[in-house]
J.: 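This is the structure, below, for whatever I ask next.
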Amino acid sequence: MNQHVAPARTGHSACPHDCPSTCALEIDISGGRIGRVRGSSANTFTAGVVCAKVARYAERVNHPGRLTQPMRRVGGKGSGDFAPIAWDDALDLIAERFVTDEQGHGAEAIWPYYYAGTMGLVMRDGLNRLTHAKKYSRFFSSICVNPAWSGFLAGTGRLAGPDPREMAKADLVVIWGTNPVATQVNVMTHAIRARKERGAKIAVVDVYRSPSMEQADMPILIRPGTDGALAAAIMHVLFRDGMADRAYLASHADDAEGLEAHLSTRTPDWAATITGMPAEEIVAFAHAIGRTKRTFVRAGYGFTRSRNGAVNMHAVTCIPTVTGAWQYEGGGAFHTNGAIFGWRKTMIDGSDVLDTSVRQLDQSRIGAILDGEREALAGGPPVTAMLIQNTNPVTIAPDQTRVRRGFAREDLFVAVHEQFMTETAKMADLVLPATMFVEHDDIYQAGGNQYVILGPKLVEPPGECRSNHDVVTALAQRLGAEHPGFAMSPRAHIDWLLQASGRGTLAELEQAKFIDVQPDFDTAHYVKGFNWPDGKFRLKPNWPKVPYAAPSKMGPVADMPAFPDHWAVIEEATAAFPFRLVTSPARSFLNSSFTETPSSLNREKRPELMLHPEDAAPLGIACGDRVEVESPRGAVILHARIFEGVRRGVVVAESIWPNGAHEGGRGINTLTGADPVAPVGGAALHDNHVRIRRLDEAAVA
Ligand SMILES: Nc1nc2c(c(=O)[nH]1)N[C@H]1C(S)=C(S)[C@@H](COP(=O)(O)OP(=O)(O)OC[C@H]3O[C@@H](n4cnc5c(=O)[nH]c(N)nc54)[C@H](O)[C@@H]3O)O[C@H]1N2
Ligand SMILES: Nc1nc2c(c(=O)[nH]1)N[C@H]1C(S)=C(S)[C@@H](COP(=O)(O)OP(=O)(O)OC[C@H]3O[C@@H](n4cnc5c(=O)[nH]c(N)nc54)[C@H](O)[C@@H]3O)O[C@H]1N2
Ligand code: SF4
Ligand SMILES: [Mo]
């Protein structure tokens, strides 16, 4: 028995992962280690529930594979041969290389690269302070939210909506293009409450029978990238069958007559051909929506990861405008709450020293950028040095073949600050060990609800792990970067942020643990108008002027349809590539995270391709067969799983497995493309045409 075990206590925190739920956590701590993780019941959105993978978080924190000391590469790029190095020497090496490259090619040759592996505002966004202070190439974040957010903004003008807890007061909850059972479990808590307490129905719109669709009263199964067609046909029926709220449209929308005329040809039969869903089911779904004033549409990200994704998101938000559902408690459309927090993040992100003349490089196009494509480099110098925090692009970025070629460049210097030896870390010249959320102080803002949550340091990190903040400030000192934020501790940052944003102080948040910043009903429901000068929802959006900051408008913006429609720019099936592939998230992983924890791996087993029995049979494919899936960008090997829950011609590979989990070492993003989605970029990760063939037992590509 260890006699020095500290008394057990409960720590309070937030889940740091890139998940809209942003759960408030209660964490058992004893002997300086974390134990069970539970959802806080005092937090009315978390309501005592967390997903299984985070309940088992001790597995991740205490994982034997955690990085605990800085290492430098001693073998060839990607060889995995590293030797320990002291922190000071590692930081000196980075600083020397950044200075040399700046002198040789200009500051834009350096590209700090980060993403949302932690959603803590201090640890996630702090790298921007170094970028701006040194005028390094700016990071244009695009991989996840751009199609969804621009599509939502196009109609409402504001990235917010009804209180997500109001789902429990709806009579129909429409879970559209998200798989909350896997990706944001608390949505199910509130939707199921509506069913239990009010007899509400739950509809799920997806392209496969997801774990969420299995729980639905109304499963709405469509082909990928056809949500615009479904939404248009629903609205056609609403107008046709007297279910449109014309008074609401007259006071709250820009051009209802124009929309109705446009929709006259968007019949259920027209949409049936595009979506693969029988016309009578479309009509029944439209009537359910039309009859139910309290229809709460919970629109996710999944259905926007297509080349027409922004148009589809906008089309979906038009539905409650046509029915007037926004007016009612439990009605309207919710996607995310980005607009309600009103942060002043200057000390964290150094936005006050941002120089807009410095180029922005697109996160999603890292393959083209590292591969030296001129247009992707925005006319500037090649990228020769990177510091990467909280993201694993070698696995998760589209157009993987080019990404890997880029990372293999001998003239590229890469430092990766990570918790594990990810496939990106393995390609690095320097690997730096990072703390986990329970080992540093940070503050979190929810996307799918309205809480701000404190996540204080609860335990000591293992070995020599350092936080992102510590690495950024240590480098700033060596590089002579100037900003008052470099002299502040994470706690000082949190306090400054709260005070500057009118959200109290750190001391107050420490007492409260989290704060609820939900706007009042009228604001949340746009009762007095949408966020445009005339207060009118844009049924006919001005796509080139959608209020979303981007280096320029991206993708074929000029071709975007005037009204909600099926925009036929998706990668349609062809004779050569007859299937449509979607890469929906696996339940027990979170992006590329948790692919290291034993219980998640046990549950997910191996990378599989789900395909319809009638599609499998002519190809001679049986359950468990090895198959090669090929898109115009490359080929990947998976094991077939015969699955009836898809439309014919649609295949699903639940992701994101490490590349190395696939025979041949090529991961799922070998198949996905990086061409930007209109109007403000993003990756069409679920929009791929592919061909499939069975591999003989012996053949290895
Ligand atoms: N378990 C788990 N949880 C996660 C993640 C994870 O990887 N695993 N990732 C986290 C991150 S970073 C994010 S952004 C969120 C995203 O969470 P979601 O908003 O749920 O988005 P996606 O995960 O991309 O896809 C959700 C669903 O959309 C479906 N879909 C794909 N294409 C279409 C389409 O064209 N139409 C329709 N109607 N549906 C479509 C997919 O099959 C999938 O079931 O989840 C977070 N939570
Ligand atoms: N095919 C396909 N590709 C996809 C998707 C898909 O649905 N299909 N989803 C896309 C989406 S929505 C997203 S958001 C991206 C996300 O992809 P990633 O950005 O790779 O996402 P994560 O796995 O959340 O986090 C990456 C890393 O951050 C590290 N990390 C966590 N906390 C910290 C910290 O405090 N400090 C440091 N230094 N490191 C930390 C973790 O160990 C992890 O390896 O993937 C995208 N790629
Ligand atoms: S549901 Fe999302 S926010 Fe909640 S614990 Fe799981 S990953 Fe974290
Ligand atoms: Mo994401």
J.: Does some side-chain heavy atom of W326 sit less than 4.5 Å from a side-chain heavy atom of T321?
T.: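 SC-SC contact between T321 and W326 confirmed.
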J.: For residues Y526 and R158, determine if any side-chain heavy atom of one lies less than 4.5 Å from a side-chain heavy atom of the other.
T.: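 In short, these two side chains touch, coming nearer than 4.5 Å.
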J.: May I ask you to say whether K536 pairs ionically with D534, meaning some side-chain N is under 4.0 Å from a carboxylate O?
T.: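 A salt bridge is absent here (no side-chain N lies under 4.0 Å from a carboxylate O).
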J.: Below 4.0 angstrom, N of the basic side chain to O of the carboxylate: do D687 and R580 qualify?
T.: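 Judged by the 4.0 Å cut-off on N to carboxylate O distance, D687 and R580 do form a salt bridge.
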J.: What is the minimum heavy-atom distance between G290 and M243, and which atoms define it?
T.: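 Answer, listing the atom of G290 first, then M243: CA-SD, 3.9 Å.
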J.: May I ask you to test the W532-P547 pair for a side-chain heavy-atom distance under 4.5 Å?
T.: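 Yes; the side chains approach each other to less than 4.5 Å.
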J.: Not counting sequence neighbours, which residues clear salt bridge (Lys or Arg N to Asp or Glu O under 4.0 Å) with R402? List them please.
T.: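 So R402 forms a salt bridge (Lys or Arg N to Asp or Glu O under 4.0 Å) with D371, E373.
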J.: Should we say atom NZ of K553 is surrounded by more than 12 heavy atoms from elsewhere, each under 6.0 Å from it?
T.: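 Yes - once you tally the heavy atoms of other residues, nucleotides and ligands closer than 6.0 Å, there are more than 12.
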J.: In terms of ring plane angle, is the pair F537 and F530 parallel, tilted or perpendicular, where the classes change at 30° and 60°?
T.: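 Ring orientation of F537 relative to F530: perpendicular.
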J.: Can a side-chain donor-acceptor contact be found between Y451 and T44 if the only test is distance below 3.5 angstrom?
T.: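 A pair is found: one side chain offers a donor N or O, the other an acceptor, under 3.5 Å apart.
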J.: Check the pair R198 / D171 against salt bridge (Lys or Arg N to Asp or Glu O under 4.0 Å), numbers first and verdict last.
T.: CA-CA 7 Å; R198 316 172 51 87; D171 294 321; 3.0 Å; yes
J.: Would you please test Y548 and V145 for side chain to side chain contact (heavy atoms under 4.5 Å, CB included) and show each step?
T.: CA-CA 11 Å; Y548 191 100; V145 304; 3.7 Å; yes
J.: Could you walk me through whether V627 and I621 pass side chain to side chain contact (heavy atoms under 4.5 Å, CB included), step by step?
T.: CA-CA 8 Å; V627 292; I621 295 172; 3.7 Å; yes
J.: State whether the side chain of E604 and the backbone N or O of S588 hold a donor-acceptor pair below 3.5 Å, judged by distance alone.
T.: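 Side chain of E604 to backbone of S588, a donor-acceptor pair under 3.5 Å: yes, one is there.
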J.: Once rounded to the nearest 0.5 Å, what's the spacing between atom OG1 of T304 and atom CG of N312?
T.: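 It is 8.5 Å, given to the nearest 0.5 Å.
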J.: On the 0 to 90° scale, with breaks at 30° and 60°, tag the H314-W543 ring pair as parallel, tilted or perpendicular.
T.: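 Geometry flag for W543 against H314: perpendicular rings.
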J.: Judged by modelled atom types alone, do D520 and T523 share a side-chain donor-acceptor pair under 3.5 Å?
T.: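 Judged by distance alone, the side chains do pair up.
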J.: Taking the side chain from H262 and the backbone from P564, do they hold a donor-acceptor pair closer than 3.5 Å?
T.: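 Yes.
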J.: Which atom pairs, donor and acceptor, lie under 3.5 Å between side-chain atoms of residues 226-239 and protein residues at least two apart or in another chain?
T.:
from, atom 1, to, atom 2, distance (Å)
T226, OG1, R223, O, 2.6
D227, OD2, W176, NE1, 2.7
H236, ND1, L263, O, 2.7

J.: Quick check: closest heavy atoms across A616 and L611, and the distance to 0.1 Å?
T.: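 That closest heavy-atom pairing would be CB-CG, 4.0 Å.
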J.: Between the main-chain N or O of V527 and the side-chain N or O of H525, is there a donor-acceptor pair closer than 3.5 Å?
T.: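 Looks like no, no N/O pair under 3.5 Å.
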J.: Once rounded to the nearest 0.5 Å, what's the spacing between atom CZ of R365 and atom CG of D675?
T.: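 Separation between the atoms: 8.0 Å.
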J.: Any donor-acceptor pair under 3.5 Å linking the side chain of T672 with the backbone of I668?
T.: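 A pair under 3.5 Å: no.
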J.: How about Y301 and H335: are their ring centroids closer than 6.0 Å?
T.: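 They qualify: ring centres under 6.0 Å apart.
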J.: For A271 versus I282, what's the shortest heavy-atom pair and its separation?
T.: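 Closest pair (atom of A271, atom of I282, distance): CB-CD1, 3.8 Å.
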J.: With rounding to the nearest 0.5 angstrom, report the OH to CD distance, Y115 to Q363.
T.: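 One gets 5.5 Å once the value is rounded to the nearest 0.5 Å.
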J.: Thinking salt bridges, do R648 and D615 make one under a 4.0 Å N-O criterion?
T.: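 Yes, this pair counts.
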J.: Looking at H190 and F45, would you say the former's side chain and the latter's main chain have a donor-acceptor pair under 3.5 Å?
T.: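 Side chain of H190 to backbone of F45: a pair is present.
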J.: For L249 and A244, which heavy atoms make the closest approach, and how far apart are they?
T.: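 That would be CD1-CB, 4.3 Å.
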J.: Any donor-acceptor pair under 3.5 Å linking the side chain of S655 with the backbone of A653?
T.: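 At least one qualifying donor-acceptor pair exists.
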J.: To the nearest 0.5 Å, tell me how far M277 CE sits from R647 CZ.
T.: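 CZ of R647 is found 7.0 Å from CE of M277.
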J.: Any idea which heavy atoms bring T183 and P585 closest together, and the distance?
T.: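 Shortest heavy-atom separation between T183 and P585 comes out as CG2-CG, 3.6 Å.
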J.: Between OG of S21 and CE of M188, what distance do you get to the nearest 0.5 Å?
T.: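 Answer rounded to 0.5 Å: 11.5 Å.
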J.: Side chains of N688 and R633, heavy atoms from C-beta outward: is any pair under 4.5 Å?
T.: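 In contact.
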J.: So how far is it from N669 CG to S592 OG, rounded to the nearest 0.5 Å?
T.: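 Going from the CG atom of N669 to the OG atom of S592 covers 10.0 Å.
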J.: Would you check if T292 and K201 make a side-chain contact, meaning some heavy-atom pair closer than 4.5 Å?
T.: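 No, their side chains stay 4.5 Å or more apart.
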J.: If you take the centroid of each ring, where Trp contributes its six-membered ring, are F303 and H686 closer together than 6.0 Å?
T.: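 Between H686 and F303, the centre distance exceeds or equals 6.0 Å.
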J.: Between the main-chain N or O of P147 and the side-chain N or O of S150, is there a donor-acceptor pair closer than 3.5 Å?
T.: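 Looks like yes, one N/O pair under 3.5 Å.
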J.: Kindly determine whether V680 and W149 satisfy side chain to side chain contact (heavy atoms under 4.5 Å, CB included), including the steps that lead there.
T.: CA-CA 10 Å; V680 291; W149 289 12; over 6 Å; no
J.: Checking side-chain hydrogen bond (donor to acceptor under 3.5 Å, both in side chains) between Q184 and each of N449, N179, T178, which is the one that passes?
T.: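 Only one option passes, and that is T178.
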J.: Would you check, one step at a time, whether the test side chain to side chain contact (heavy atoms under 4.5 Å, CB included) holds for R195 with D217?
T.: CA-CA 10 Å; R195 182 195 270 161; D217 305 294; 3.3 Å; yes
J.: Applying the salt bridge (charged side-chain N to carboxylate O under 4.0 Å, His left out) criterion to E329, which one of K293, R165, K169 satisfies it?
T.: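 Answer to the salt bridge (charged side-chain N to carboxylate O under 4.0 Å, His left out) test with E329 among K293, R165, K169: K169.
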J.: Work out which heavy atom in T295 is nearest to a heavy atom in I289; give both atom names and the distance.
T.: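 Closest approach of T295 to I289: OG1-O, 3.7 Å.
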J.: Is K528 paired with D522 through a side-chain N to carboxylate O contact shorter than 4.0 Å?
T.: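 Yes, D522 and K528 are salt-bridged.
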